[in-house]
2 protein chains.
Amino acid sequence: MGLTKTEIFTDEQNKLAIQLKAIAHPARIAILQYIIAAKACICGDLVEELGLAQPTISQHLKELKNAGLIQGTIEGVSVCYCIEPTAWAALQKEISNLFASYKDPNNCC
Amino acid sequence: MGLTKTEIFTDEQNKLAIQLKAIAHPARIAILQYIIAAKACICGDLVEELGLAQPTISQHLKELKNAGLIQGTIEGVSVCYCIEPTAWAALQKEISNLFASYKDPNNCC
DNA sequence: AATATTAATCGTAATATTGCAATATATATG
DNA sequence: CATATATATTGCAATATTACGATTAATATT
């Protein structure tokens, strides 16, 4: 075990879980916030900005990339990261649906 | 290692990460959707509904409870679960802020 | 070409997560 | 009280995650 039983759930549930998991880490939240806050793309000031080692940051960026939430373009020696607008908007909508489906308290608890 | 360096990040980032992590599993997404879809509170039809063993469901419910996202009230032999409205709304707002902070594509990537 | 700079990859240790069988707990009901 | 029902807890095996040192890869600069 130690293995999520993905075959039991719908593709939508699995995909949402994967993308939420990508965001569900303080370092990756911080990375996303930093990328968003910078008006331009971020060319890897992240190592200095956060207090984590370079391989660790690189790994977190890879996970965000794998989840499709950011994209990186090579700019000479460095790499520029920014939000992937389509996936970002899609995830926003998906999460919004989940939360909005809960209307008012049933006050039975 | 294997341990998130929480001291590096803000309380907000850590709390958001914890609550997102609670949702970031297909079983827990399915549980939340089922609780929401039922107009009344759910008294453990979950084991039959999802294809997971009873201890596994119980554990997932515990995690959602620990994250403050659901609450359970004892109803005789069984337990009724429903969304915790305050935490649910707060998390919705927090996530909404994160996503909304990204305006338009900077098209520099 | 040699060196510097930046980021990715590999390998590894520590810890966390997932899932379940077995068991425990707690409340009904006969 | 004995038994049934519903849920929680414990213990464990398999796997995943987190973090980083060491190394590699790739492009600039001298």
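Just the heavy atoms: all of them, side chains too, but no hydrogens, waters or symmetry mates, feed the values below. Per chain, numbering begins at 1; letters A, B, ... match sequence-line order.
Rounded to a whole Å, the CG atom of B:Leu20 is 16 Å from the P atom of D:dT17. The distance between atom CD of A:Gln59 and atom P of C:dT12, rounded to the nearest whole Å, is 15 Å. Rounded to an integer number of Å, the gap from CG of B:Leu64 to P of C:dT18 is 11 Å. Rounding to whole angstrom units, CD1 of residue B:Ile8 and C1' of D:dT18 are separated by 12 Å. Spacing between atom CD of B:Glu49 and atom P of D:dT7 amounts to 14 Å, rounded to whole angstrom units. Protein atom CG of A:Leu3 is 14 Å distant from nucleotide atom C1' of D:dT17, rounded to whole Å. The nearest whole Å value for the distance from the NZ atom in A:Lys5 to the P atom in D:dA13 is 19 Å. Per the geometry, CG belonging to A:Asn66 stands 11 Å off P belonging to D:dT17, to the nearest Å.
Taken to the nearest 0.5 Å, the CG atom of A:Asp45 stands 10.0 Å off from the CG atom of A:Leu50. Expressed to the nearest 0.5 Å, how far CG of A:Leu61 lies from CD1 of A:Ile42 amounts to 11.0 Å.
Under the rule for a side chain to side chain contact (heavy atoms under 4.5 Å, CB included), the partners of A:Val47 that lie at least two apart in sequence or sit in another chain are A:Gln54, A:Ile57. Residues meeting the ring pair (Phe, Tyr, Trp, His ring centres under 6.0 Å) test with A:Phe99, sequence neighbours left out: B:Trp88. Taking A:Ala89 as the reference, nothing meets the side chain to side chain contact (heavy atoms under 4.5 Å, CB included) condition, with sequence neighbours excluded. By the side chain to side chain contact (heavy atoms under 4.5 Å, CB included) test, B:Glu63 is found to be paired with B:Arg28, B:Gln59, B:His60, residues two or more places apart in sequence or in another chain being considered. Residues satisfying the side chain to side chain contact (heavy atoms under 4.5 Å, CB included) criterion with A:Ile8, sequence neighbours excluded, are A:Lys5, B:Leu52. Residues satisfying the salt bridge (charged side-chain N to carboxylate O under 4.0 Å, His left out) criterion with B:Glu84, sequence neighbours excluded, are absent altogether.
An end-to-end axis angle of 10° holds for the helix from C:dA1-D:dT30 to C:dG30-D:dC1, taken from five base pairs per end and rounded to 10°.
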Tell me, for nucleotides 22-30 of chain C in 5' to 3' order, what letter each nucleotide earns: B for a base near a protein heavy atom under 4.0 Å, S for only sugar-phosphate near one, - for neither?
B----BS--
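Side-chain proximity of B:Glu63 to C:dT18, D:dA8, D:dT18: nearest is C:dT18.
As judged by a 4.0 angstrom heavy-atom cut-off over every strand, A:Ile57 is placed among residues making no nucleic acid contact. If you check every strand for non-hydrogen atoms under 4.0 Å, B:Thr56 touches a base.
Side-chain N/O atoms of A:Tyr81 include none lying less than 4.0 angstrom from OP1 or OP2 on C:dT6. Taking only side-chain nitrogens and oxygens, A:Lys21 never comes nearer than 4.0 Å to OP1 or OP2 of D:dA16. Within the 4.0 Å cut-off from OP1 or OP2 of D:dT7, not a single side-chain nitrogen or oxygen of B:Ser58 is found. The side chain of A:Lys62 places no N or O atom within less than 4.0 Å of a non-bridging phosphate oxygen (OP1 or OP2) of C:dA7. In terms of phosphate contacts, B:His60 brings no side-chain nitrogen or oxygen within less than 4.0 Å of OP1 or OP2 of C:dT17.
Residue pairs that meet the salt bridge (charged side-chain N to carboxylate O under 4.0 Å, His left out) test with at least one member in residues 47-62 of chain B, sequence neighbours left out, do not exist here. Evaluation of the salt bridge (charged side-chain N to carboxylate O under 4.0 Å, His left out) test over residues 91-100 of chain B, restricted to residues two or more places apart or in two chains, returns none.
Checked options B:Thr73, B:Leu64, B:Ile35; the residue passing with B:Tyr81 is B:Ile35 (criterion: side chain to side chain contact (heavy atoms under 4.5 Å, CB included)).
Of all the residues in residues 22-31 of chain B, B:His25, B:Arg28 reach under 4.0 Å from DNA chain C with at least one non-hydrogen atom.
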Result block: side-chain N/O donor-acceptor pairs under 3.5 angstrom for residues 12-27 of chain B, not counting sequence neighbours:
{"residue": "B:Gln13", "atom": "OE1", "partner": "B:Thr10", "partner atom": "N", "Å": "3.0"}
{"residue": "B:Gln13", "atom": "OE1", "partner": "B:Thr10", "partner atom": "OG1", "Å": "3.3"}
{"residue": "B:Gln13", "atom": "NE2", "partner": "A:Gln33", "partner atom": "OE1", "Å": "2.7"}
{"residue": "B:Asn14", "atom": "ND2", "partner": "B:Thr6", "partner atom": "O", "Å": "3.0"}
{"residue": "B:Asn14", "atom": "ND2", "partner": "B:Thr10", "partner atom": "O", "Å": "3.2"}
{"residue": "B:Gln19", "atom": "NE2", "partner": "B:Ala67", "partner atom": "O", "Å": "3.1"}
{"residue": "B:His25", "atom": "ND1", "partner": "B:Ala27", "partner atom": "N", "Å": "3.0"}
{"residue": "B:His25", "atom": "NE2", "partner": "A:Thr4", "partner atom": "OG1", "Å": "3.4"}

